[in-house]
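Let me begin by presenting the structure, written as structure tokens, before commenting on it.
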Amino acid sequence: MGIKEEVQASAAAHRDLGSGYDGAVAEGLVERIGAEIDRRVDARLFGHVQAPPPPRRRAPAPGRIGVAPVFLALGSMGMAIGGTVAVLHPGDGPPTYITFGQGVLVALIWIVVGAVNIAYARRN
């Protein structure tokens with residue numbers, strides 16, 4: 001029974017019983033209205049629980065590069081230069097000729113660094 005029907009039933013009971021039962025009729029109506037309000041509040045609180053929205057990332061201003069891509073680019077290039085030096089000059093002796101294996105390894109280092117930077121740039 002909806003709240004509208006409850007009020008109509010209470011009004012009809014009030015007419016039938018007379019003014020001697022005003023308090024009892026009003027009390028019953030207040031209880032039914034309170035129960036209906038509780039039911040609606042519970043439905044809103046527990047029936048429609050939503051997860052909070054994920055935090056939004058702030059978009060960089062147009063034409064500006066964020067700090068993360070700069071650190072990634074400079075850091076990866078620094079590590080590639082260090083790797084290249086380690087491959088081409090592994091010991092304390094004077095630099096000699098570059099072997100085929102060293103050339104392939106240096107090329108592989110720089111290809112990987114380029115691929116990582118390109119993948120990061122495309123993702124963002």
Query - Joint hydrophobic cluster, I111 plus I81, side-chain heavy atoms closer than 4.5 Å - result: no

Query raised in the report: Hey, what else clusters with F100 if you join Ile, Leu, Val, Met, Phe, Trp, Tyr whenever side-chain heavy atoms sit under 4.5 Å?
Result: V104

Query raised in the report: Got a sec, which residues hit side chain to side chain contact (heavy atoms under 4.5 Å, CB included) with E31, two or more places apart in sequence or on another chain?
Result: E27

Report summary line: One should read off an interatomic distance between H89 NE2 and T84 OG1, to the nearest 0.5 angstrom, of 10.0 Å

Query raised in the report: Below 4.5 Å, heavy atoms only, C-beta onward: do S76 and N117 meet side chain to side chain?
Result: yes

Query raised in the report: Should L88 and I109 be counted in the same cluster of Ile, Leu, Val, Met, Phe, Trp and Tyr side chains packed under 4.5 Å apart?
Result: yes

Requested in this report: Could you tell me whether the side chain of Y97 reaches within less than 4.5 Å of the side chain of T99, counting heavy atoms only?
Outcome: yes

Query raised in the report: Are R40 and E36 within salt-bridge range, i.e. N to O under 4.0 Å?
Result: yes

Query - Over all atoms of both residues, closest heavy-atom pair of M77 and V113 - result: N-CG1, 4.4 Å

**Report entry** In one Ile/Leu/Val/Met/Phe/Trp/Tyr side-chain cluster, 4.5 Å: W110, I98
**Finding:** yes

